[in-house]
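Scroll down for the structure; my scribbles are underneath it.
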Amino acid sequence: TTTTTKTTCDSNSATTSENSSKSSDNGDGAEKNNVVSHTPCYLINLDPAVYQLPFEANIDVRETVDYKGVMKTYGLGPNGGIVTSLNLFATKFDEVLDIMEKRSATSDYFLFDTPGQIEVFTWSASGSIITETLASSFPTVILYVIDTPRCISPVSFMSNMLYACSILYKTRLPFVLVFNKVDISGSEFAFEWLRDYEAFRDALQEETAYIGTMARSMALVLEEFYQNLRAVGVSALTGAGLDELFVAVDEAVDEYMTVFKPEIDELFTEKERHREMAANKSLEDLAKDMRIGGDVMNTPSSSFISVGDTDLETPGKGVVNGKESERKNDMESSTNEDVKQQQQQQNVVLEEGGAEEYDSDDCVE
């Protein structure tokens, strides 16, 4: 998976975040040859288990988290180790955003190479945190990278489309299908299957098992999903199709700004409103508790009643103190004059020249 600013993501996958798209311009304001110029991508690797990268990453999760050490420390398997490593890295992701802000003046794109397993990134808590954080800070586009030679089978193609659909609706961000390795197998057949259900159905004729029937049914369901889906064919080895890829990313960024950004802003505004409401409620509860505490300290001892071992507040009665329970019957049977005498004994009487001592057992604890 890959992410960039302009930001994008893939499932073999990548996310790209694009900061800005810059065009070459001559003195009179016309573009030179309609060519868009870009600075080099800023590369971030988020796969802690990758053995060797085919590129030099500017930020590498492996320099922050030891994947094998995490597996050994927590007794985890491969996928559990990846998820836990990403969870640990996500706690430092604010530092990544700070670096991106500093580098945004010199980099048009930030490319995040994410783990290929859909369950350890797209459907994990850390993957959601990282993607949502990027989407709230930069224009973000998801790139779903597909191994084209492995999609020649229509059933495998349908499996990839279901993955793509789930990622699109999970992230709710602009989406581009990237058919890689076109130097081995062309992607024209895939584009035809995306555009023409009849062609895909004909390709499934040899599939007589239940999976073929299921694939035909799913193709009908996904036909609307294909309508607004961007798809390009590229070769990471030869560089073929990369210009078309960046054009697709730029179009997706425009879609992000006009369609997705207002929705994201609205969601974050709603979250902030709920957060403020929760904070205000906590403050109100605290203020209420403090008022009750003040009433307890200022309540005359004659207004204390006891119910079992619990302190309770009743209208006009004050707060119950458990240690006053033994005195309750005496207070109820006493005359008003006796009550006044008890109250005078429990209160400190300040007189000129000093204070009268009192028994600490009569204090409200």
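Worth saying up front: this structure is predicted, and the values here are computed from it rather than measured.
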Atom CD1 of I142 and atom OG1 of T171: how far apart are they, to the nearest 0.5 Å? 4.5 Å
Closest non-hydrogen atom pair, G212 against L204: O-CD1, 4.1 Å
Let me confirm one number: the CD1-CZ distance from I82 to F121, rounded to the nearest 0.5 Å. 12.0 Å
Can you tell me how far OG of S104 sits from OH of Y42, rounded to the nearest 0.5 angstrom? 11.0 Å
Any E101 side-chain heavy atom under 4.5 Å of F138 side chain: yes
Heavy-atom neighbours of E270 CD exceed 12 at 6.0 Å: yes
Identify the heavy atoms of M158 and A215 that sit nearest to each other, and give their distance. CE-O, 3.8 Å
Apply side-chain contact (heavy atoms from CB on, under 4.5 Å) to V247 and D243, showing your working. CA-CA 6 Å; V247 169; D243 289 340; 5.7 Å; no
Below 6.0 angstrom between ring centroids: does that apply to Y109 and F246? yes
Are Y67 and P78 side-chain neighbours, meaning at least one heavy-atom pair lies under 4.5 Å? yes
Regarding R273 and E276, does a basic nitrogen lie under 4.0 Å from an acidic carboxylate oxygen? no
Could you tell me whether D285 and K281 have a side-chain N and a carboxylate O separated by less than 4.0 Å? yes
What pairs of donor and acceptor atoms, side-chain ones from residues 224-231 against any protein atom, are under 3.5 angstrom apart with sequence neighbours left out?
residue, atom, partner, partner atom, Å
Q227, NE2, E223, O, 3.1
R230, NH1, E255, OE1, 2.7
R230, NH2, E255, OE1, 3.1

How long is the straight-line distance from CH2 of W123 back to CD1 of I167, given to the nearest 0.5 Å? 9.0 Å
Do the side chains of I59 and L46 get nearer than 4.5 Å, heavy atoms only? no
Counting only heavy atoms not in R216, do more than 12 fall under 6.0 Å of its CZ? yes
Check the angle between the aromatic planes of W193 and F157 and answer parallel, tilted or perpendicular using the 30° and 60° thresholds. perpendicular
Just say parallel, tilted or perpendicular for the rings of F93 and F112, cut-offs at 30° and 60°. tilted
Heavy-atom side-chain contact between T133 and D94 under 4.5 Å: no
Salt bridge or not for R201 and E198, using N-O below 4.0 Å? yes
Measure the spacing between CZ of F260 and CZ of F175 and express it to the nearest 0.5 Å. 11.0 Å
